[in-house]
Number of protein chains: 2
Amino acid sequence: MSITGGPPREASGKVTLTDVARAAGVSVATASKALNKRTHVKEATRLRVEAAAASLDFTPNYFAQALNSSRTNTIGMITSDLDNRFVLPILLGAEDAFGSGSLSVLLADARDDVLREQLHIQTLMARKVDGLLIVGRTTNPRPPATFASDIPVVYVYAPSTDDADSSVTPDNHLAGRLAVRHLVESGRRGIALVNGEASYAAAQDRAAGVIAELADHGLELAGGRALFGQWGEAWGRDCARLLVNGDPSIDAIIAGSDHIARGVLDTLHDLGRRVPHDIAVVGFDNWDLLVTESRPPLTSVDMNLQHLGRVAAQRLVDAIAGVGHPGRSYEAVHVVGRESA
Amino acid sequence: MSITGGPPREASGKVTLTDVARAAGVSVATASKALNKRTHVKEATRLRVEAAAASLDFTPNYFAQALNSSRTNTIGMITSDLDNRFVLPILLGAEDAFGSGSLSVLLADARDDVLREQLHIQTLMARKVDGLLIVGRTTNPRPPATFASDIPVVYVYAPSTDDADSSVTPDNHLAGRLAVRHLVESGRRGIALVNGEASYAAAQDRAAGVIAELADHGLELAGGRALFGQWGEAWGRDCARLLVNGDPSIDAIIAGSDHIARGVLDTLHDLGRRVPHDIAVVGFDNWDLLVTESRPPLTSVDMNLQHLGRVAAQRLVDAIAGVGHPGRSYEAVHVVGRESA
DNA sequence: ACCAAAACCGAAACCGGTTTCGGAAGGACC
DNA sequence: GGTCCTTCCGAAACCGGTTTCGGTTTTGGT
């Protein structure tokens with residue numbers, strides 16, 4: 001080999017640990033230890049190595065590192081349906097929580113298809129992700145994913161049916177309760193529920209919460225039952241018309257979603273009922289675009305989805321660190337008061 | 001070494017190429033070549049190796065592979081603002097295009113912050129992604145990202161200000177033209193535009209398209225100018241009231257977005273103007289939740305965002321393969337006709 | 001049966017780090 | 001000055017594959 005140390009190469013391209021070691025006049029072994037703050041390396045040499053590394057702007061090769069160390073600092077996130085407005089805030093919260101550490105996120109969308117999910121999990125396993133975050137498209141419990149590995153998994157939004165798994169889901173029961181509580185506290189007594197589709201756990205849970213809270217106040221649902229239907233505005237419009245015309249004692253309507261609530265508001269407006277003077281309206285989801293500029297602005301129960309994502313991410317990080325939290329956690333929600341109630 | 005070949009170990013854990021080679025009675029070199037269908041390996045041995053690999057369900061170590069080969073089969077996707085409804089379809093389209101190959105996607109959200117973007121790019125570089133997809137939050141051109149590497153980059157939605165870069169963005173000019181064309185073809189002549197915020201390129205481009213198409217038909221904008229305002233319903237409501245009360249010749253209103261269009265519809269409904277009989281309304285974005293259940297259902301220009309994502313992904317794949325398409329590409333949009341126009 | 005050419009296989013180097021382990025340098029103490 | 005620890009450093013093995021390159025076997029032709 002030539003004696004000429006030579007000046008640092010045009011830094012671009014690839015500068016390896018060997019280069020750093022040579023520049024610092026030490027062996028690669030020492031360089032490695034120095035940069036990783038390992039076993040007693042003399043302060044002076046450590047500084048020398050660090051200086052060399054900095055001046056060459058050395059970046060350790062991620063793959064060489066990952067090759068031995070079994071930790072990849074990467075987690076896999078599997079969504080059931082990216083084209084779903086509920087997953088965005090969750091993704092954001094999770095990405096936030098991970099990104100602030102130095103975990104990278106591998107994203108895969110399963111298109112709500114079990115086979116595709118299986119395939120993506122396979123790929124993620126091959127990439128040796130440290131953990132898996134599985135985001136559902138509804139809050140309906142789903143069968144756990146199966147794979148031959150024991151990396152930690154956290155289910156978000158849609159909990160796993162297996163209670164040994166770790167799941168994080170919004171507390172829809174509480175959401176129902178809070179909606180009622182908010183209304184009762186402002187003096188409402190004739191409270192009706194225009195709900196979403198019966199096949200959705202979210203709709204069922206919210207209804208249960210509504211009924212439970214009403215019972216706590218010695219009340220029951222106006223009309224006697226939760227009206228399950230569809231999630232859209234049309235259902236809200238039609239249903240509101242029936243309710244208002246049919247039962248004059250109604251002074252509040254809880255809508256299964258903001259979208260439904262918009263329909264309810266439209267009908268009330270058409271019928272000349274004043275909101276909230278005559279009838280109060282509460283929705284669920286607190287979806288900006290629907291609630292802030294409605295007439296009047298809509299009081300809604302915020303599902304704290306971003307928080308949900310963050311909590312799930314934190315759980316996964318904990319699980320990777322060895323402290324798992326098995327079981328379902330129901331995350332708190334809160335009412336955002338606006339003019340409609 | 002012991003002579004006993006021994007039965008395949010309990011397959012779980014980690015089975016390496018060495019194990020496969022031993023099981024097939026060949027060297028690791030041969031095993032590698034066989035599995036990668038490389039230089040002439042006898043058909044029989046190849047099959048034997050493949051059988052061995054299958055029976056041990058061998059998965060090559062991703063990192064060992066990546067360590068020599070400079071291709072990682074991973075691309076980085078940087079979003080400026082995940083909490084933005086426009087990015088979802090784009091993400092979906094891109095993820096779709098990539099996933100169908102065997103590319104994995106590393107997701108990072110920059111929170112619309114240059115520093116954070118820089119940081120994430122750094123991380124992605126360290127992971128040696130094969131390419132970068134940068135998704136903007138508006139269609140306003142943005143300064144190109146800077147980094148010390150020459151991997152291909154494609155900008156989506158927000159194009160790069162540098163025309164040497166590859167950008168894919170929706171054709172908002174065409175969108176404006178198509179909205180007008182649709183209205184003119186059904187006989188409208190008094191066409192007004194209730195636009196979004198003037199600081200958005202999307203608003204400017206659509207306005208330009210509207211005016212250009214009107215000119216082609218010998219018309220001009222009712223009221224003389226595009227009314228820039230905000231993107232919300234309230235602006236749509238207020239503006240519609242002024243327009244309709246001020247100029248009886250107006251028989252169509254183009255709204256800068258579906259959201260604005262909803263406000264316009266509400267006002268028309270309140271004033272007793274029939275849609276589309278008296279006045280036609282067209283929106284932009286074709287956002288399901290706003291257009292399908294409005295009264296009446298809203299005709300809207302669909303920006304083809306999912307297609308946009310797919311095209312961008314394809315461009316990136318091409319660029320990685322060596323065939324780049326520098327410059328901006330404006331992707332087609334189309335009108336989805338419903339009852340309102 | 002014999003030889004050159006073609007086909008096939010395996011030892012070893014390599015990708016770029018981390019870790020083990022033995023040895024050298026330096027200091028304290030007798 | 002010699003012994004015994006410490007402390008610090010470096011050679012080499014290793015992670016799990018891919019690739020080169022030389023040697024061995026097969027094939028094909030006569």
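In what follows, chains are A, B, ... by sequence order, proteins preceding strands, each numbered from 1. Atom set for the values below is all heavy atoms of this structure, side chains included, hydrogens, waters and symmetry mates excluded. This one's a predicted model, so the numbers in the text were calculated from it and none came from an experiment.
Within the 3.5 Å criterion, the main-chain N or O of B:Ala64 finds a donor-acceptor partner in the side chain of B:Asn61.
Between A:Arg38 and C:dT19 there is a side-chain N or O to OP1 or OP2 distance below 4.0 Å.
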Practice task
Test B:Ser104 against A:Arg127 for side chain to side chain donor-acceptor pair (under 3.5 Å), laying out the working first.
Solution key: CA-CA 9 Å; B:Ser104 292; A:Arg127 294 277 211 282; 3.1 Å; yes
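Every residue meeting the side-chain contact (heavy atoms from CB on, under 4.5 Å) condition with A:Ser149, not counting sequence neighbours, appears here in chain and number order: A:Met125, A:Phe147, A:Ile151. Residues satisfying the salt bridge (Lys or Arg N to Asp or Glu O under 4.0 Å) criterion with A:Arg46, sequence neighbours excluded, are A:Glu43, A:Glu50.
Atom-to-atom distance recorded for A:Glu117:CD and A:Thr146:OG1 is 8.5 Å, nearest 0.5 angstrom.
Screening residues 76-109 of chain A for ring pair (Phe, Tyr, Trp, His ring centres under 6.0 Å), with sequence neighbours left out, gives A:Phe86-A:Tyr157. Residue pairs meeting the salt bridge (charged side-chain N to carboxylate O under 4.0 Å, His left out) criterion with at least one partner in residues 305-316 of chain A, sequence neighbours excluded, are A:Asp96-A:Arg310.
The pair B:Asp113-B:Arg111 does not count as a salt bridge, with every side-chain nitrogen at least 4.0 angstrom from each carboxylate oxygen.
Rounded to 10°, the angle separating the first-five-pair axis and the last-five-pair axis of the helix from C:dA1-D:dT30 to C:dC30-D:dG1 equals 40°.
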Exercise for the section: Give the B/S/- string for nucleotides 6-17 of chain C, one per nucleotide from 5' to 3', where a protein heavy atom under 4.0 Å of the base yields B, of only the sugar-phosphate yields S, and otherwise -. Expected result: --SBBB---BBB
